[in-house]
There are 2 protein chains.
Amino acid sequence: MRVSLKDVAAHAGVSVKTVSNVVNDYPYVTAAMRERVQRSIDELGYRPNLTARHLRKGRTGIIALALPELGNPYFAELAAAVIDAAAAHDYTVLLDHTGGRREQEILVSQGFRARVIDGLILSPIELETEDLRDRTGDVPMVLLGERDYDLPYDHIAIDNVAAARAAVRHLIGLGRREVAFIGDRRGRSEPAQLRVRGWREELAEAGLPADDGLVADTDGWGHADGAAAMARILEAGRRPDAVFAYNDLVAIGAMRVLHARGLRVPEDIAVVGFDDVVEGRFGAVTLTSVSPDKEAIGRLAVESVLARLGGKPAEPRRFRADHRLAERESTLGRGAANA
Amino acid sequence: MRVSLKDVAAHAGVSVKTVSNVVNDYPYVTAAMRERVQRSIDELGYRPNLTARHLRKGRTGIIALALPELGNPYFAELAAAVIDAAAAHDYTVLLDHTGGRREQEILVSQGFRARVIDGLILSPIELETEDLRDRTGDVPMVLLGERDYDLPYDHIAIDNVAAARAAVRHLIGLGRREVAFIGDRRGRSEPAQLRVRGWREELAEAGLPADDGLVADTDGWGHADGAAAMARILEAGRRPDAVFAYNDLVAIGAMRVLHARGLRVPEDIAVVGFDDVVEGRFGAVTLTSVSPDKEAIGRLAVESVLARLGGKPAEPRRFRADHRLAERESTLGRGAANA
DNA sequence: GGCTGAATTTACAACGTTATACAGCCCGTC
DNA sequence: GACGGGCTGTATAACGTTGTAAATTCAGCC
């Protein structure tokens with residue numbers, strides 16, 4: 001059985017509290033006593049039981065991070081950033097994935113999946129505002145990503161509309177006139193809507209028509225979805241000279257189809273993705289992509305959830321993490337600097 | 001403040017234990033009592049404090065999974081498999097990443113990173129047998145991956161030598177005669193050694209020379225490492241007709257370089273990877289790859305760590321998960337079935 | 001040598017839960 | 001109508017830790 005404070009106390013011939021004092025570096029302990037107790041601790045191999053400590057203190061030292069899917073490298077990279085940011089505050093991260101399904105997201109937001117946690121960072125996809133309304137308020141929660149909820153939770157996102165506009169502006173600046181958007185979800189995904197809006201606004205500003213026939217829906221946001229949507233556009237007889245994809249996976253899937261049909265990127269069709277995942281930097285054609293500052297997002301998320309720990313009812317805050325456009329071969333052509 | 005059993009008991013006018021009995025579906029509770037208590041529970045919004053429950057029961061319901069890096073999609077996909085397998089047993093997963101660094105791995109194996117856990121699944125890269133020798137034995141641990149430790153821990157791996165041989169056999173069967181291996185770590189990585197061994201054995205069996213000049217070292221196992229190694233081989237004036245890479249990321253990095261230099265895959269050089277990550281199925285040229293059964297690995301890992309919970313000192317077991325070769329365009333050429 | 005006050009150590013009660021053991025109660029039986 | 005036994009419900013004591021407050025020790029000083 002495991003060694004407890006009591007065992008150490010008996011072994012050292014002192015009270016339990018004294019051992020606790022040594023373990024916690026309580027100042028009023030004589031050097032002699034400290035050494036004597038420490039010897040017993042070492043000898044017995046005592047290790048504090050964190051569950052008990054947490055029960056006593058009311059904190060667990062764990063925050064949960066719930067992401068739609070780990071298979072998407074964007075989320076994997078984000079998870080790594082959150083884990084590192086949490087470690088810097090002596091917190092560990094319990095990871096969950098929701099598949100982006102509303103039910104799972106509700107379960108997570110209510111704390112039914114991971115319940116021994118001090119805080120929750122949730123990246124919702126389908127979750128609705130009403131799903132959060134009667135959330136029991138004991139565990140602070142921070143929302144991540146593009147959805148905009150009118151609720152008193154901290155929220156960390158990048159400016160999707162601005163980012164999308166920058167991407168489309170880049171394409172227009174390169175002389176492209178027919179820019180498709182791939183990755184809408186039949187208007188039912190808010191982040192996709194924001195990016196479509198950016199696309200629309202930037203085209204309008206350039207005096208170009210925003211042709212709804214060039215907005216392609218997808219079921220998901222993986223490689224296969226991008227490939228299927230790109231194929232549909234081409235089979236409908238459309239031939240845009242540029243594609244702005246919801247994310248990098250969709251973009252890479254689309255490029256795969258273009259390649260298979262003998263269309264050159266970027267000569268025939270330029271492609272811009274979103275997320276700047278590592279994968280995009282190592283395809284046959286490197287991918288131009290909107291690059292959110294993942295470290296900043298992870299850091300902000302951890303810091304804001306930890307700041308709420310005391311249950312302080314501060315005003316909810318909205319953080320905007322930075323983004324930039326990483327320009328690569330899929331828009332600039334072979335030999336482009338690998339930004 | 002949070003509602004506790006005591007509050008519910010006071011509200012319902014019964015003892016604490018009775019409320020506990022209702023919560024835990026203890027059979028000897030009358031329907032009337034059950035309903036009365038349940039009403040109080042609902043009214044007050046009671047939710048059990050798992051920390052306390054865990055303290056009492058000695059279990060936390062959490063297992064830790066420590067992987068080298070999440071950025072590698074193989075590990076992200078594996079993590080997803082473990083999370084799902086754990087959820088099937090009502091366990092949640094605390095995720096950590098070690099960067100594949102020995103010190104981090106030691107810390108994790110000793111439980112210094114995540115300490116509120118019932119069990120640990122560790123995928124080591126640099127960890128040495130001696131690092132585990134004086135591990136304090138309270139938390140059961142299962143090792144994942146290719147390293148072979150002579151220690152009493154369950155271990156789950158695929159047969160690396162056999163898998164590597166299958167990959168090389170496939171290349172030889174396609175008529176390739178000069179097969180490079182990319183991704184050794186100067187002989188210091190055991191899993192790489194196993195794959196090199198498979199490469200060597202299969203070449204020997206085919207009566208082909210195993211040319212050490214065609215074994216390329218890398219510092220890591222990411223895209224960039226594969227790209228650098230491939231470039232080095234070509235710059236040394238070598239022109240193999242096939243490449244077997246340590247993993248898919250290395251393979252994709254290598255293909256990127258081949259493409260940039262105008263070499264065609266597979267016509268000029270066929271490429272085989274390892275891990276079968278999704279990314280490999282959506283490049284301009286889809287990647288032939290050794291495909292380990294990740295679901296099986298995740299399932300076996302969770303099941304064996306949970307089986308050890310009682311501290312039963314059963315004989316350590318070694319599980320071999322299945323693998324197969326997913327044959328795609330990087331060896332078969334355009335139009336290959338997308339296995 | 002006893003007094004004072006600071007420095008050190010300790011006893012005890014929590015934190016919220018469940019296991020154990022026991023106390024009623026109701027029912028049928030002899 | 002007392003007795004045994006199966007149902008229900010309860011008091012109490014843990015689980016291992018730390019905060020509080022009280023007890024002890026000790027040095028310095030009159």
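Treat the numbers as computed from the prediction; the structure is a model and nothing was measured. Every chain is numbered from 1 and lettered A, B, ... according to where its sequence line falls, protein lines coming before strand lines.
- The shortest distance between the side-chain N/O atoms of A:S15 and the OP1/OP2 oxygens of C:dT9 is not below 4.0 Å.
- Contact check, A:T18 against C:dT9: no side-chain N or O comes under 4.0 Å of OP1 or OP2.
- Taking 3.5 Å as the limit, the base of D:dT17 and the side chain of A:R53 contain no donor-acceptor pair of atoms between them.
- We find that CG of A:L50 is positioned 9 Å from P of D:dT18, with the value rounded to whole Å.
- At a non-hydrogen distance threshold of 4.0 Å, nothing from residues 26-41 of chain B comes into contact with DNA chain C.
- Contact record, B:P140 with B:L309: CG-CD2, 4.0 Å, taken as the closest heavy-atom pair.
- In this structure, B:V14 reaches the sugar-phosphate backbone alone: every heavy-atom distance under 4.0 Å involves primed, P, OP1 or OP2 atoms, never a base.
- A salt bridge links A:R34 to A:D25: one of the charged nitrogens lies within less than 4.0 Å of a carboxylate oxygen.
- Counting to the nearest Å, the P atom of D:dT17 and the CG atom of B:L55 are 9 Å from each other.
- Nearest heavy-atom pair across B:D118 and B:G58 is OD1-O, 4.4 Å.
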Go through A:D154 and A:R318 one step at a time and tell me if the salt bridge (Lys or Arg N to Asp or Glu O under 4.0 Å) criterion holds. CA-CA 6 Å; A:D154 285 349; A:R318 220 152 275 232; over 6 Å; no
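- B:R56 contributes no side-chain N or O that forms a donor-acceptor pair with the base of C:dA19 under 3.5 Å.
- At the phosphate of D:dT18, OP1 or OP2 sits under 4.0 Å from a side-chain N or O atom of A:N24.
- The pair A:E295-A:R299 does not count as a salt bridge, with every side-chain nitrogen at least 4.0 angstrom from each carboxylate oxygen.
- Using a cutoff of 4.0 Å between basic side-chain nitrogens and carboxylate oxygens, B:R317 and B:E303 are not scored as salt-bridged.
- Between the CG atom of B:N21 and the C1' atom of D:dG9 there is a distance of 8 Å, rounded to whole Å.
- Between the side chain of B:K17 and the base of D:dA11, no donor-acceptor pair of N or O atoms lies under 3.5 Å.
- In this entry the distance linking NE2 of A:H54 with C1' of D:dT17 reads 11 Å, nearest Å.
- A salt bridge does not link B:R36 with B:E43: every distance from a Lys NZ or Arg NE/NH1/NH2 to an Asp or Glu carboxylate oxygen is 4.0 Å or more.
- Taking the side chain of A:K57 as heavy atoms from C-beta on, and the options D:dT17, D:dG19, C:dT17, the nearest nucleotide is D:dG19.
- Checked against C:dT10, D:dC15, C:dT18, the side chain of A:K6 finds its nearest nucleotide in D:dC15.
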